[in-house]
Amino acid sequence: MQEGAMEQGRTPGLSRGLLSRHIVMMSLGGVIGAGMFLGSGSTIHLAGPAVVVDYLVGGILLLFVLFALAEMSIHKPVAGSFLVYVRQYVGPMFGYLAGWLYWFCWVLVLAAECTAGATFLHFWLQGVPLWVLSLIISLALTIVNLFQVRAYGEFEFWFAGIKIVTIILFSLLGFLLLVGAVPGHPAIGFGNLTARGGFFPTGFSGLAGALLVVMFSYGGSEMIGLTAAETRDPGRTIPRAMVGVVWRTVLFYVLPLLVIVALVPWTTVGTGESPFVMVFRQVGVPFVDHVMNFVVLTAVLSSMNSGMYAVSRMLYSLGQQGYAPGWLMKLSGRRVPIRALLASTIFLWIGVGIAYKWPDQVFNYLMSIPGFSFLFVWLLILVAHVGFHRRVPKAEWEKLPFHAWGYPVSTGLGILMLAVIIGLIMMSAEQRLGIWTSLGAMAVMLVGYGFVRRESRREVRP
């Protein structure tokens with residue numbers, strides 16, 4: 001395998017069938033999963049009403065990362081996106097690490113969410129074994145990803161739309177309850193925002209602890225960079241989609257959480273049922289358990305669908321760069337990287353099998369690993385952006401139709417923020433096991449890079 005064997009300005013072979021609305025929903029699909037509906041109570045329990053500040057801070061950091069990625073994606077719209085940019089502007093070893101670490105993270109997320117999706121299906125199909133439901137989910141989504149990328153984009157657009165509509169409906173109903181516009185319900189008002197210890201009841205430690213969870217929630221939004229090689233007119237589409245992803249992601253997290261902490265005392269959230277179920281039941285939505293089970297199931301399937309796209313394109317790009325076996329670059333008749341997709345699916349099944357063997361311990365453990373790793377990839381993206389501006393001639397850079405807002409301040413501030421957050425994570429006892437696993441995986445990947453380098457030297461010898 002030879003490094004950089006296929007580095008071009010545009011990736012040959014892949015179909016440019018994605019539209020702006022497709023890639024926005026794909027990125028949102030990867031970010032807004034079941035954790036939004038089931039796990040949002042944990043961040044409120046940590047920070048109280050001030051959790052909305054954490055989501056706004058996370059949104060600012062997300063803005064810095066995605067705009068840096070957009071600028072580089074427009075300059076070179078290739079499959080693998082940040083893998084190629086990190087390799088070129090930071091170094092081959094870091095490019096190898098970014099690509100394999102990202103693939104590894106998404107495989108873990110897919111395994112955990114496939115297990116969760118089977119559990120939600122089991123709510124209605126209790127006579128069917130969980131492993132059968134898990135197999136059905138993974139096979140169905142694999143088939144969807146084998147279609148031409150335009151058909152896949154349409155599927156994700158409508159599937160992700162279900163959870164977006166749910167969030168909007170929830171926020172609207174919650175606001176009506178707050179102002180007394182629901183018949184039979186007196187106005188609740190906004191007193192809960194400050195009634196129990198003020199707006200910052202747990203202080204800085206609570207804010208810091210919740211910020212770690214918030215940043216984990218935003219992980220996956222960088223997936224939008226992977227679509228550049230399959231997007232029509234990336235110079236116009238990518239910036240528009242990036243802006244749309246940032247404000248929609250922040251809005252769809254901040255609004256519902258603000259409604260929750262205003263509606264109910266923050267001290268009662270995170271200790272029982274989903275905050276969404278609490279509000280829908282209070283309004284009188286019929287069959288609320290079935291409705292929310294359906295919504296959470298679609299959220300999981302949408303997130304898995306986006307994740308399958310991410311792992312297949314990243315593995316395809318690893319093959320292009322000489323970081324993975326070249327046979328993974330094989331495209332189907334629909335110009336889909338079929339071997340990269342099927343290889344990733346095999347590892348997904350292995351992860352699901354492990355989760356079923358040790359269900360109580362493995363799910364939370366698997367989900368603790370990607371958070372740290374996603375942030376590390378974000379850090380590499382911003383460092384690559386600095387290298388991009390140093391290496392690309394100014395005259396060439398100025399011709400681009402989009403420039404990252406506020407560079408170099410924005411990128412420098414983003415690097416500082418990520419360094420602080422990663423430092424806080426490494427001091428967190430709850431995340432320690434996941435961190436050591438991530439570091440162990442990175443060490444194994446670096447050993448693999450040593451073999452890649454050795455094979456590369458052998459190939460160039462006369």
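These numbers come from a predicted model, not from an experiment.
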Taking C-beta and beyond as the side chain, do Phe104 and Met314 meet within less than 4.5 Å on heavy atoms? no
Here the gap from Asn293 atom CG to Leu297 atom CG, rounded to the nearest 0.5 Å, amounts to 6.5 Å
Is any side-chain heavy atom of Tyr218 closer than 4.5 Å to a side-chain heavy atom of Leu61? no
Is Leu172 close to Val259 at the side-chain level, that is, under 4.5 Å between some pair of heavy atoms? no
Using the side chain to side chain donor-acceptor pair (under 3.5 Å) criterion, which residues pair with Trp103? Sequence neighbours excluded. Ser344
How about Val84 and Met72: do any of their side-chain heavy atoms sit closer than 4.5 Å? no
Among residues at least two apart in sequence or on other chains, which ones pass ring pair (Phe, Tyr, Trp, His ring centres under 6.0 Å) with Phe64? none
Under a 3.5 Å distance rule, please check whether Asn145 uses its side chain to pair with a backbone N or O of Leu141 as donor and acceptor. yes
Would you call the rings of Tyr102 and Phe374 parallel, tilted or perpendicular, taking 30° and 60° as the class edges? perpendicular
OG1 (Thr142) and CE (Met308) are apart, to the nearest 0.5 Å, by 3.5 Å
Rounded distance [0.5 Å steps], CE in Met417 versus CG in Leu211: 7.5 Å
Where do Pro201 and Ala47 come nearest, in terms of heavy atoms and distance? CD-O, 3.7 Å
Pick from Leu139, Val132, Ile137: which one makes a side-chain contact (heavy atoms from CB on, under 4.5 Å) with Leu135? Leu139
dist Ile162:CD1 -> Phe294:CZ (nearest 0.5 Å) comes out at 4.0 Å
Return the set of residues passing side-chain contact (heavy atoms from CB on, under 4.5 Å) with Phe376 (not counting sequence neighbours), or none when no residue passes. Leu97, Leu101, Leu380, Met442
Can you check side-chain contact (heavy atoms from CB on, under 4.5 Å) on Phe252 and Ile168, steps first, answer last? CA-CA 8 Å; Phe252 292 149; Ile168 293 173; 4.0 Å; yes
For Leu110 and Met304, the nearest pair of non-hydrogen atoms, with its separation, is CD2-O, 3.3 Å
Quick check on Phe190: does its CZ atom have over 12 non-hydrogen neighbours (other residues, nucleotides or ligands) under 6.0 Å away? yes
Which heavy atom of Asn192 sits nearest to which heavy atom of Ile188, and what is that distance? ND2-CG2, 4.3 Å
Tell me every residue that passes side-chain contact (heavy atoms from CB on, under 4.5 Å) with Ile338, counting only those two or more places apart in sequence or in another chain. Leu146, Lys330, Ser332, Leu342
Which atoms form the tightest heavy-atom contact between Val254 and Leu56, and what is the distance? CG2-CD2, 4.0 Å
Heavy-atom closest pair (Ile44 atom, Leu257 atom, distance to 0.1 Å) is CD1-CD2, 3.8 Å
Are Leu328 and Leu318 close enough that some pair of their side-chain heavy atoms sits under 4.5 Å apart? no
In sequence, state the C-alpha distance, the side-chain angles, and the governing distance for Tyr253 and Val214, and then conclude on side-chain contact (heavy atoms from CB on, under 4.5 Å). CA-CA 9 Å; Tyr253 270 103; Val214 169; over 6 Å; no
Within the 4.5 Å heavy-atom criterion, are Tyr316 and Met329 side-chain neighbours or not? yes
Give a yes or no answer on whether the side chain of Tyr323 reaches the backbone of Gly95 with a donor-acceptor pair at less than 3.5 Å. no
Find the distance between OG (Ser138) and CG (Leu133) and round it off to the nearest 0.5 Å. 10.5 Å
Would you list the atom pairs, donor with acceptor, under 3.5 Å between side chains in residues 120-129 and any protein atom, with sequence neighbours excluded?
unit_1 : atom_1 : unit_2 : atom_2 : d
His122 : NE2    : Gln126 : O      : 3.1
His122 : NE2    : Val128 : O      : 3.4
Trp124 : NE1    : His290 : ND1    : 3.0

What's the spacing between Trp106 CH2 and Ser306 OG if we round to 0.5 Å? 6.5 Å
Over all heavy atoms of both residues, which pair between Pro337 and Ser312 is shortest? Give the atoms and the distance, please. CG-O, 4.1 Å
Keeping the roles fixed (side chain from Trp100, backbone from Ala324), state whether a donor-acceptor pair exists under 3.5 Å. no
Counting distance only, does the side-chain N/O of Thr43 pair as donor-acceptor with the main-chain N or O of Ala210 below 3.5 Å? no
For a 4.5 angstrom cut-off between non-hydrogen side-chain atoms, does Phe175 reach Leu255? no
Between Asp54 and Leu207, does a side-chain contact (heavy atoms from CB on, under 4.5 Å) hold up when you go through it step by step? CA-CA 7 Å; Asp54 280 327; Leu207 277 177; 3.6 Å; yes
Any donor and acceptor pair, going by atom type alone, linking the side chain of Ser303 with main-chain N or O of Val300 inside 3.5 Å? no
Measure the shortest side-chain to side-chain distance between Leu382 and Trp378 over non-hydrogen atoms and say whether it is less than 4.5 angstrom. no
Just jot down the side chain to side chain donor-acceptor pair (under 3.5 Å) partners of Thr298, sequence neighbours excluded, or say none. none
Test log, rule side-chain contact (heavy atoms from CB on, under 4.5 Å), inputs Val377 and Ile381: CA-CA 6 Å; Val377 170; Ile381 290 172; 4.2 Å; yes
